[in-house]
Amino acid sequence: MEKNPLICLVMATLLEAKPFIGGLSLTRLESKPFPVYRNKNHILIISGIGKANAAMACAFSCLKFAPSCIVNLGAAGATGERDALGKPLHVKMAFDYDRPQFKTKSPHKLIPEIFEGFPYAKIATLDRPVTDPAERKQLSKTADLIDMESASVIQACKKFKTKCYIFKFVSDTPEHTRDNDIVENIKIYRNTFFSFFRESVLPIL
């Protein structure tokens with residue numbers, strides 16, 4: 001499949017994507033099966049939350065737009081206290097905890113493309129939110145972050161032979177156990193995350 005110079009951004013929610021839509025001057029292209037926004041060089045798809053939605057959005061993007069790469073962006077929870085709220089991190093490895101290895105029962109490991117020079121993180125992907133501090137502590141043995149999309153984005157991109165990059169910002173830590181706290185933190189830090197993307201990531205894509 002011939003690749004275009006288009007860069008496709010996949011984000012789970014409009015809440016996270018709003019600064020990107022405004023900051024990149026994206027206009028609504030279509031609403032089904034996914035909301036799609038576009039300018040000359042960028043496509044932004046709102047996938048919805050969860051692995052199935054993210055994988056379908058990536059497949060849809062690859063088949064319809066054949067982008068040069070897909071960048072998964074958005075919020076993620078921290079498994080420990082290493083990373084402060086709002087900190088942007090470049091995911092170098094994802095673990096799919098819903099798809100254990102047949103023999104070892106350990107989670108599938110997936111590796112996206114990475115750029116040099118960023119703070120890195122390993123991420124655990126589960127198809128449900130994890131807000132229990134004890135469960136986060138258990139996941140911290142292998143991962144720095146938790147989300148509901150990364151592993152499936154990598155898997156879908158590998159299937160379509162499309163480069164995949166993942167950047168997340170910390171929206172919650174083990175002390176944040178309420179959904180409302182997470183939503184408010186996303187609102188606080190989403191603009192800073194967009195500035196980071198525009199200034200540090202977009203020029204090298």
Side-chain angles (χ1 to χ4, degrees), residues 1-76 88-96 98-99 108-118 120-121 123 125 127 147-169 190 193-205:
M1 184 183 297
E2 185 179 352
K3 303 297 180 186
N4 292 318
L6 280 174
I7 296 167
C8 178
L9 313 180
V10 174
M11 304 187 74
T13 67
L14 182 61
L15 176 69
E16 299 159 284
K18 274 190 172 181
F20 290 79
I21 294 168
L24 296 174
S25 300
L26 302 173
T27 57
R28 186 72 166 257
L29 183 65
E30 54 191 83
S31 58
K32 293 183 179 181
F34 300 98
V36 177
Y37 300 81
R38 182 171 184 169
N39 64 20
K40 182 179 179 181
N41 298 311
H42 308 96
I43 296 284
L44 189 152
I45 296 181
I46 307 294
S47 66
I49 295 170
K51 293 195 296 182
N53 282 327
M56 287 188 288
C58 288
F60 171 77
S61 170
C62 290
L63 290 170
K64 182 160 186 175
F65 303 109
S68 61
C69 68
I70 286 177
V71 188
N72 180 223
L73 302 158
L89 294 159
H90 190 9
V91 171
K92 66 176 182 178
M93 187 180 299
F95 297 95
D96 187 346
D98 299 313
R99 194 163 62 99
H108 266 271
K109 180 173 68 176
L110 301 104
I111 299 175
E113 279 72 32
I114 60 170
F115 292 114
E116 299 294 330
F118 290 96
Y120 300 116
I123 196 164
T125 299
D127 224 351
D147 83 338
M148 298 174 68
E149 293 86 27
S150 292
S152 64
V153 170
I154 301 169
Q155 186 180 2
C157 287
K158 297 292 185 185
K159 182 71 71 174
F160 286 93
K161 296 181 172 56
T162 299
K163 290 182 179 179
C164 170
Y165 302 94
I166 300 178
F167 290 89
K168 301 285 179 173
F169 71 96
R190 63 186 178 181
F193 182 59
F194 169 69
S195 296
F196 158 79
F197 172 78
R198 180 180 57 193
E199 295 165 12
S200 300
V201 180
L202 197 55
I204 59 177
L205 285 174

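We count residues from 1, following the sequence as given.
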Kindly compute the distance separating [atom1] ([X]) from [atom2] ([Y]), expressed to the nearest 0.5 Å.
X	Y	atom1	atom2	answer
Cys58	Asn53	SG	CG	11.0 Å
Phe118	His90	CZ	NE2	6.0 Å
Ile7	Ser61	CD1	OG	11.5 Å
Lys161	Lys159	NZ	NZ	8.5 Å
Asp96	Ile154	CG	CD1	9.5 Å
Leu89	Phe193	CG	CZ	9.0 Å

Do [X] and [Y] come close enough that some side-chain heavy atom pair is under 4.5 Å?
X	Y	answer
Leu29	Phe65	yes
Ser68	Lys163	no
Tyr37	Leu24	no
Ile70	Phe160	no
Val91	Asn72	no
Val36	Ile43	yes
Val10	Ser47	yes
Ile46	Phe34	no

Taking all non-hydrogen atoms of both residues into account, name the closest pair between [X] and [Y] and its distance.
X	Y	value
Ser152	Ala55	OG-N, 4.0 Å
Glu16	Ala75	OE2-N, 2.7 Å
Cys8	Ile45	SG-CD1, 4.1 Å
Glu30	Lys64	OE1-NZ, 2.8 Å
Leu205	Cys69	CD2-SG, 4.3 Å
Pro112	Leu110	CD-O, 3.9 Å

Any idea how Phe197 and Phe194 line up, ring-wise: parallel (<30°), tilted (30 to 60°), or perpendicular (>60°)?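 Geometry flag for Phe194 against Phe197: tilted rings.
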Can you sort out the partners of Phe95 under ring pair (Phe, Tyr, Trp, His ring centres under 6.0 Å), two or more places apart, ordered by chain and number?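 By the ring pair (Phe, Tyr, Trp, His ring centres under 6.0 Å) rule, Phe95 matches no residue at all.
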Would you say the ring centroid of Phe196 lies under 6.0 angstrom from that of Phe169? no
Near Lys92 NZ, under 6.0 Å, is it more than 12 heavy atoms from other residues, nucleotides or ligands? no
From the options Ile166, Leu73, Asp127, Ile49, select the one residue that forms a side-chain contact (heavy atoms from CB on, under 4.5 Å) with Glu149.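 Testing Glu149 for a side-chain contact (heavy atoms from CB on, under 4.5 Å) against Ile166, Leu73, Asp127, Ile49 leaves exactly one candidate, Ile49.
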Check: Arg190 side chain, Leu15 main-chain N or O, donor-acceptor pair, under 3.5 Å: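 Yes: the side chain of Arg190 pairs with the backbone of Leu15.
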Who pairs with Lys168 by salt bridge (charged side-chain N to carboxylate O under 4.0 Å, His left out), at least two apart in sequence or on another chain? Asp147
